Asker: 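Here it is: the structure, laid out below.
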Amino acid sequence: MRIVIITGASSGMGREFALQLDKKLHSIDEYWLVGRNEEELAKTKKKMHTKTRNFIADFNSRKALFPLVQELNNIQPEVKMLVNCAGFGMVGYFDRISYNDNLSMIDVNCRALTSLTHDCIPFMAVNSRIINLASAGAFNPQPGFAVYCATKSYVLSFSRALRGELKDLGIYVTAVCPGPVNTPFFNKAERYGNVYAFKKLFMADQKAVVSKAIDDSIRCKEISVYGRTMRAYRVLAKVVPHRFIIELLNLMHKLKK
Ligand SMILES: NC(=O)C1=CN([C@@H]2O[C@H](COP(=O)(O)OP(=O)(O)OC[C@H]3O[C@@H](n4cnc5c(N)ncnc54)[C@H](OP(=O)(O)O)[C@@H]3O)[C@@H](O)[C@H]2O)C=CC1
Ligand SMILES: CC(=O)[C@H](N)C(=O)O
């Protein structure tokens, strides 16, 4: 049995990955969708044409993935694709964000992603794919988004190194690094502070970002960056010393208040 596993499938880009892959891939027997919100995950399942199983999991708990891993061990499917999409970010200065929210970003964005990837690799074969949602926030540190961007730097670094390790097995890892995307992400992100206004000018469409990410993964690309602005930003973050970018972003963060 050939399966695709997608986390964060109850909303935004995770749901979009499920719907687009369902249309694009023709040899998948089942989709295993992972999400925390049962009702919203059920809505995604309803729109799928291929057989789909839902796994309810809150990644703040280390036991959240036990039922899925148990099913992997029972059924022994071939995991053709793993999309690690679950994630969230809180905007605001580190010391103003609650202890739990800071640690939860690390649990959801890094620990759960690493844990599920580790559990899935033994079930992958030649031509399998891993897609990890990093962010353009991985390209440089951002005052006012410190922990979130650090978690995404982890995802980018981990994905690139893992890609090197798995290439000889024919398993390809792609890190997706979008700039701001129009999803429910920002409704939740602004509990402690507001997003830079300029980000709202560059909001990309989630359908286009996900479509490019899938195409880039099929082409075995290392990194998927949607849009000219974000590609230019990536180059900028490579050539401009990060201390200048940090100063500028910090100033902008202060002016926002
Ligand atoms: N939107 C953007 O501008 C960008 C987003 N990204 C990344 O893309 C990914 C998808 O985000 P996006 O679609 O925009 O945002 P959404 O908020 O729409 O989706 C986030 C998904 O992650 C899930 N999730 C959050 N917390 C947990 C948790 N504790 N346990 C299990 N699942 C959880 C959510 O589930 P639930 O609905 O139950 O909360 C939801 O399915 C994230 O990793 C994000 O960091 C990267 C760059 C830009
Ligand atoms: C939420 C994101 O990851 C986005 N790239 C941003 O920097 O706002």
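Remember, it's 1-based here, ligands and their atoms both numbered in the order they're listed. Please read these numbers as outputs of a predicted model, since none were measured by experiment.
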Asker: Would L82 and M124 count as a side chain to side chain contact (heavy atoms under 4.5 Å, CB included) if you check the C-alpha gap in whole Å, the side-chain angles of each, and the deciding distance to 0.1 Å?
Answerer: CA-CA 9 Å; L82 166 66; M124 293 186 152; 3.8 Å; yes

Asker: When the side chains of residues 7-14 are checked against the rest of the protein, which donor-acceptor pairs come out under 3.5 Å, sequence neighbours left out?
Answerer:
unit_1	atom_1	unit_2	atom_2	d
T7	OG1	C85	N	2.9
T7	OG1	A86	N	2.9

Asker: Answer yes when K167 and E165 have at least one side-chain N-carboxylate O distance shorter than 4.0 Å, and no when they do not.
Answerer: no

Asker: Anything with a heavy atom under 4.0 Å from ligand 1 counts, so go ahead and list those protein residues by chain and number.
Answerer: G8, S10, S11, G12, M13, R36, N37, A57, D58, F59, N60, C85, A86, G87, V108, L133, A134, S135, Y148, K152, P178, G179, P180, V181, T183, P184, F185, F186, K188

Asker: One pair per line, please: each N/O atom of ligand 2 matched with every protein N/O atom under 3.5 Å away, atom names first, then the distance to 0.1 Å.
Answerer:
unit_1	atom_1	unit_2	atom_2	d
ligand 2	3 (O)	S135	OG	2.6
ligand 2	3 (O)	Y148	OH	2.7
ligand 2	5 (N)	S135	OG	3.0
ligand 2	5 (N)	P178	O	3.0
ligand 2	7 (O)	K199	NZ	2.9
ligand 2	8 (O)	K199	NZ	3.0

Asker: Whether E30 and R2 form a salt bridge (side-chain N of Lys/Arg under 4.0 Å from carboxylate O of Asp/Glu) is what I want to check.
Answerer: no

Asker: When the side chains of residues 173-187 are checked against the rest of the protein, which donor-acceptor pairs come out under 3.5 Å, sequence neighbours left out?
Answerer:
unit_1	atom_1	unit_2	atom_2	d
T174	OG1	K221	O	2.6
T183	OG1	F185	N	3.1

Asker: Is there a side chain to side chain contact (heavy atoms under 4.5 Å, CB included) between F139 and L236? Walk through the geometry before answering.
Answerer: CA-CA 9 Å; F139 299 153; L236 188 92; over 6 Å; no

Asker: Output, in order, the C-alpha distance, side-chain angles, deciding distance and verdict of side chain to side chain donor-acceptor pair (under 3.5 Å) for Y172 and S128.
Answerer: CA-CA 7 Å; Y172 298 99; S128 288; over 6 Å; no

Asker: Out of curiosity, T114 OG1 to L162 CG, how far, rounded to the nearest 0.5 Å?
Answerer: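 Between T114 OG1 and L162 CG, I get 9.5 Å after rounding to 0.5 Å.
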
Asker: Could you check whether D101 pairs with R96 (Lys NZ or Arg NE/NH1/NH2 to Asp/Glu carboxylate O, under 4.0 Å)?
Answerer: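 Salt bridge between D101 and R96, a charged N being under 4.0 Å from a carboxylate O: no.
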
